[in-house]
Amino acid sequence: MPEGPTMVLLKEALAPFKGKKVLEVAGNAKIEKERALNQPIKEFRTFGKHFLICFPSFTIRIHFLLFGSFSIDEQVRLNKAVRLKLVFDVGTVYFYTCAVKILDESLDDIYDWSTDVMNKAWSPRKAKQKLLQHPKELICDELLDQDIFAGVGNIIKNEVLFKMRVHPESKVGAIPSTKLAKIVSTASSYSFDFLAWRREFVLIKNLKAHGKKICPRCQVPLIKKHTGKKKRRSFFCKNCQVKYSTIS
DNA sequence: TGCCATGTTAAACT
DNA sequence: GAGTTTAACATGGC
């Protein structure tokens, strides 16, 4: 469910509810749900893996964690608890197994939109600057750093590194500058590819490394290893992904 | 059936 | 106190 592109799709799916008033609230989310009653949705926004339901004076933030899901109009998980249910005159939205929080702060004060790889304000220049401040960190950990690449998840990490032919255990400071810049720009562009594929239900078909056993370039077996401080699964080809490890 | 995983936070360790 | 590890959350596919 998560990763940034899915949040963008959710925003599109909920577009019919923009401007509509909440007529009924329910669910087991531990927030003051009734604050949303009779409030109109000002807009929906996304920041990385956060989904933001904006009301005139506050925001409900949804994070889907690992298993979160949603449905519109039909409660698809009849046997499962509804975390949050919002009823409008034009339909109903259900959220399941997600983290829900109310934000009272102005979003511009909390979020630096330029760190979100799918936001118009995305700044590859800032991302590269932040990377260069952590020269000893491994690129597999840094791509998952939501303060640098908000919205990038483990699948996108693996696919970007495969596409760039960079080994996940490469040290940031050892990667040539032009290559690093290319990784940064690909983190964003690949997220849009991911979005387009997901929209057409062909995402899995287009994955080249994540969850795969054979390198589509070299036909040699891919390595599957939990890498870096974050110990998340990495799938990579020892043959065609270069391991940059010497910081000059 | 048991294990594992597109994720994050916080508690419990050292 | 910093840094690291573990638990918790809770679903579905293999």
Side-chain angles (χ1 to χ4, degrees), chain A residues 1-11 13 27-31 46-52 59-71 74-85 94-103 110-112 115-118 133-134 136-163 168 186-213 222-236:
Chain A
M1 170 52 63
E3 304 223 21
T6 311
M7 297 302 104
V8 175
L9 285 178
L10 173 55
K11 182 180 160 177
N28 62 9
K30 292 185 192 114
I31 60 166
T46 65
F47 175 81
K49 298 164 189 166
H50 299 192
F51 187 72
L52 303 165
T59 301
I60 293 180
R61 185 194 74 186
I62 310 263
H63 195 301
F64 288 87
L65 301 155
L66 225 58
F67 318 120
S69 61
F70 72 95
S71 64
E74 284 185 64
Q75 189 181 328
V76 291
R77 309 209 171 160
L78 294 170
N79 52 335
K80 300 298 172 202
V82 173
R83 180 63 38 85
L84 183 66
K85 173 185 177 185
Y94 300 87
F95 295 99
Y96 313 90
T97 55
C98 48
V100 182
K101 194 182 173 190
I102 286 186
L103 306 175
I110 311 175
Y111 294 114
D112 177 355
T115 64
D116 177 356
V117 296
M118 305 207 68
Q133 286 165 12
H134 315 154
K136 291 179 182 167
E137 300 294 332
L138 301 185
I139 191 65
C140 58
D141 282 328
E142 294 297 287
L143 274 168
L144 293 173
D145 187 335
Q146 300 298 299
D147 293 329
I148 305 178
F149 298 103
V152 170
N154 205 34
I155 298 177
I156 294 176
K157 173 198 84 178
N158 281 320
E159 294 297 317
V160 166
L161 291 174
F162 179 79
K163 191 172 183 182
T186 303
S188 173
S189 64
Y190 187 85
S191 295
F192 285 96
D193 292 343
F194 188 108
L195 170 64
W197 290 329
R198 173 138 274 188
R199 210 194 287 284
E200 303 297 325
F201 306 103
V202 293
L203 174 68
I204 302 298
K205 200 177 81 185
N206 280 286
L207 297 181
K208 297 201 163 43
H210 187 88
K212 300 291 173 185
K213 291 195 159 56
L222 288 178
I223 309 285
K224 173 183 162 186
K225 182 181 175 188
H226 289 82
T227 58
K229 289 179 181 171
K230 292 190 161 76
K231 294 187 169 57
R232 301 295 305 280
R233 290 192 306 170
S234 286
F235 296 85
F236 57 96

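Only a predicted model underlies this, so the values are computations on that prediction, with no experimental measurement involved. Proteins get letters first, then strands, A, B, ... in listed order; numbering begins at 1 in each.
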Worksheet item: Which class fits the ring pair Phe70(A) and Phe95(A): parallel under 30°, tilted 30 to 60°, perpendicular over 60°?
Response: tilted
Practice prompt. Kindly assign one of parallel, tilted or perpendicular to the pair Tyr96(A) and Tyr94(A), based on the angle between their ring planes and the thresholds 30° and 60°.
Written response: parallel
Give the rounded distance in Å between these two atoms: [atom1] of [X] and [atom2] of [N].
X: Glu3(A); N: dT8(B); atom1: CD; atom2: P; result: 9 Å
X: Arg232(A); N: dT6(B); atom1: CZ; atom2: C1'; result: 7 Å
X: Ile204(A); N: dA5(B); atom1: CD1; atom2: C1'; result: 12 Å
X: Phe47(A); N: dG7(B); atom1: CZ; atom2: P; result: 15 Å
X: Lys213(A); N: dC14(C); atom1: NZ; atom2: C1'; result: 10 Å
X: Phe70(A); N: dT6(B); atom1: CZ; atom2: C1'; result: 15 Å
X: Leu10(A); N: dT6(B); atom1: CG; atom2: C1'; result: 15 Å
X: Lys230(A); N: dT5(C); atom1: NZ; atom2: C1'; result: 15 Å

Does [X] put a side-chain nitrogen or oxygen below 4.0 Å from OP1 or OP2 of [N]?
X: Arg83(A); N: dA10(C); result: yes
X: His63(A); N: dG7(B); result: no
X: Lys49(A); N: dT8(B); result: yes
X: Arg233(A); N: dA5(B); result: yes

Fill in: Base-paired stems that DNA chain B participates in, counting runs of 3 or more Watson-Crick or G-U pairs under 3.5 Å
B:2-5 with C:11-14, B:7-14 with C:2-9
Worksheet entry | Heavy-atom pair with the smallest gap, counting every atom of Asn158(A) and Phe235(A) | OD1-N, 3.2 Å
Discussion item. If you only use heavy atoms from C-beta on, which nucleotide in dG7(B), dT8(B), dA10(C) is closest to the side chain of Phe67(A)?
Written reply: dA10(C)
Fill in: From CA spacing to verdict: side chain to side chain contact (heavy atoms under 4.5 Å, CB included), Val160(A), Val152(A)
CA-CA 10 Å; Val160(A) 166; Val152(A) 170; over 6 Å; no
Worksheet entry | Rounded distance in Å between the P positions of dC3(B) and dA7(C) | 14 Å
Discussion item. Suppose you measure atom P in dT4(C) against the same atom in dT6(B); what distance do you get, rounded to whole Å?
Written reply: 22 Å
Item to complete: Give one of base, sugar-phosphate or nothing for Lys229(A), where a contact means two heavy atoms less than 4.0 Å apart.
Response: nothing
Worksheet item: With sugar-phosphate meaning primed atoms plus P, OP1 and OP2, does His226(A) contact a base, only sugar-phosphate, or nothing at under 4.0 Å between heavy atoms?
Response: sugar-phosphate
Worksheet entry | Criterion side chain to side chain donor-acceptor pair (under 3.5 Å) against Ser234(A), the qualifying member of His210(A), His226(A), Lys157(A), Lys225(A) | Lys157(A)
Discussion item. Please check this pair: side chain of Gln146(A) against backbone of Leu144(A), looking for a donor-acceptor N/O pair closer than 3.5 Å.
Written reply: yes
Worksheet item: Got a donor-acceptor contact below 3.5 angstrom from the Glu3(A) side chain to the Lys49(A) backbone?
Response: no
